[in-house]
Chemist: 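Let me begin by handing over the structure; questions about it come next.
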Amino acid sequence: MSDELSLTRGYNLLRMNADTEKRAATFTLGGRAYDLLEGVFSPTLCPSTEIYAQWLPYPAGGSFLEIGAGAGVISVTAALSGCARVTALDINETAVENTRRNVARHGVADRVQVLHSDMYSALDRQTRFDVVFWSSSFIEPPTDFAHETPLHHAIFDPGYVMHQEFLRSAADHLEPGGRLLLGYSNMGNRALLTEVAGNAGLRFEQLHAAPHPQLADVEYQLLEFHAADRPAS
Ligand SMILES: C[S@@+](CC[C@H](N)C(=O)[O-])C[C@H]1O[C@@H](n2cnc3c(N)ncnc32)[C@H](O)[C@@H]1O
């Protein structure tokens, strides 16, 4: 997809998310009801949350880290799918509050920790997980772009600085044999992602891909990262 069309799609999604009249205070996804606060990425305005939630491998009895939990659907799903320990992080303080509410609503506060964090910054260096996941802000805007609202962080990553940090520091937070997963799209800049992965000593493979149900040229993807020197499976 062209850079221009990706950017247009990104701004359309931002506009829909910012339109308070189009947002309900609650929504249902995967048969479960959730709260939605204003200023938080809505899991019902595009299908990515539901698609990634279905694809993700939730380690039974294991640990799961979600970077950018938003309203908390995927972290709640991880806990209800058998993960013993889930940590949900977000740079957006309202998203942190939103995830806390949904964790309480679904009775999983005993095993889900929710923290305000820029990428991994709120974690101790030695805290490790079996799965680390981010449904990323994959639209790459021009370099003069500024995050005017917290919602902008849900969609745009200028220069892929956040993708670089997600990949560069992942090794500090993965158990041996742990899996590093990214929810991505053909609206992202795959060449730049390949470059930042290479800078972090990683390469990626695509585990899943599915089209947007209404926009035939949009595809959602689940990517897994491996050490660049590990033989491909
Ligand atoms: C595409 S939204 C996905 C939200 C949620 N996981 C979902 O699937 O509905 C991306 C999320 O990443 C968060 N995010 C972006 N940059 C971040 C950073 N540097 N640290 C933590 N979270 C970040 C955004 O605030 C947003 O909630």
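In listed order, ligands and their atoms are each counted from 1.
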Chemist: Not counting sequence neighbours, list each pair that qualifies as a salt bridge (Lys or Arg N to Asp or Glu O under 4.0 Å) and has a residue in residues 34-55.
Modeler: D35-R105

Chemist: Suppose we screen for side-chain contact (heavy atoms from CB on, under 4.5 Å). Which residues come up paired with E195, at least two apart in sequence or across chains?
Modeler: L192, N199

Chemist: Is it possible for you to say whether V76 and I51 belong to one hydrophobic cluster, with membership spreading through side-chain heavy-atom contacts below 4.5 Å?
Modeler: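 They do share one cluster, since a chain of ILVMFWY contacts under 4.5 Å joins V76 to I51.
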
Chemist: Within 45° of the axis and under 6.0 Å from the centre of the six-membered ring of F129, does NZ or CZ of R85 qualify?
Modeler: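 Ring-cation test returns yes.
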
Chemist: Let me know which of F166, Y120, F225 forms a ring-ring contact (aromatic ring centres under 6.0 Å, His included) with W134.
Modeler: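 Among the candidates, only F166 passes.
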
Chemist: Taking a 3.5 Å cut-off between nitrogen or oxygen atoms, can you list every pair linking ligand 1 to the protein, with distances?
Modeler:
{"residue": "ligand 1", "atom": "6 (N)", "partner": "E66", "partner atom": "OE2", "Å": "2.9"}
{"residue": "ligand 1", "atom": "6 (N)", "partner": "G68", "partner atom": "O", "Å": "2.8"}
{"residue": "ligand 1", "atom": "8 (O)", "partner": "T49", "partner atom": "OG1", "Å": "3.1"}
{"residue": "ligand 1", "atom": "9 (O)", "partner": "T49", "partner atom": "OG1", "Å": "2.8"}
{"residue": "ligand 1", "atom": "12 (O)", "partner": "W134", "partner atom": "NE1", "Å": "3.2"}
{"residue": "ligand 1", "atom": "19 (N)", "partner": "D118", "partner atom": "OD1", "Å": "2.8"}
{"residue": "ligand 1", "atom": "20 (N)", "partner": "S117", "partner atom": "O", "Å": "3.4"}
{"residue": "ligand 1", "atom": "20 (N)", "partner": "M119", "partner atom": "N", "Å": "2.7"}
{"residue": "ligand 1", "atom": "22 (N)", "partner": "I91", "partner atom": "N", "Å": "3.2"}
{"residue": "ligand 1", "atom": "25 (O)", "partner": "D90", "partner atom": "OD1", "Å": "2.6"}
{"residue": "ligand 1", "atom": "27 (O)", "partner": "D90", "partner atom": "OD2", "Å": "2.7"}

Chemist: Apply side-chain contact (heavy atoms from CB on, under 4.5 Å) to S48 and list each qualifying residue two or more places apart in sequence or on a separate chain.
Modeler: F41, C46, Y52, Y220

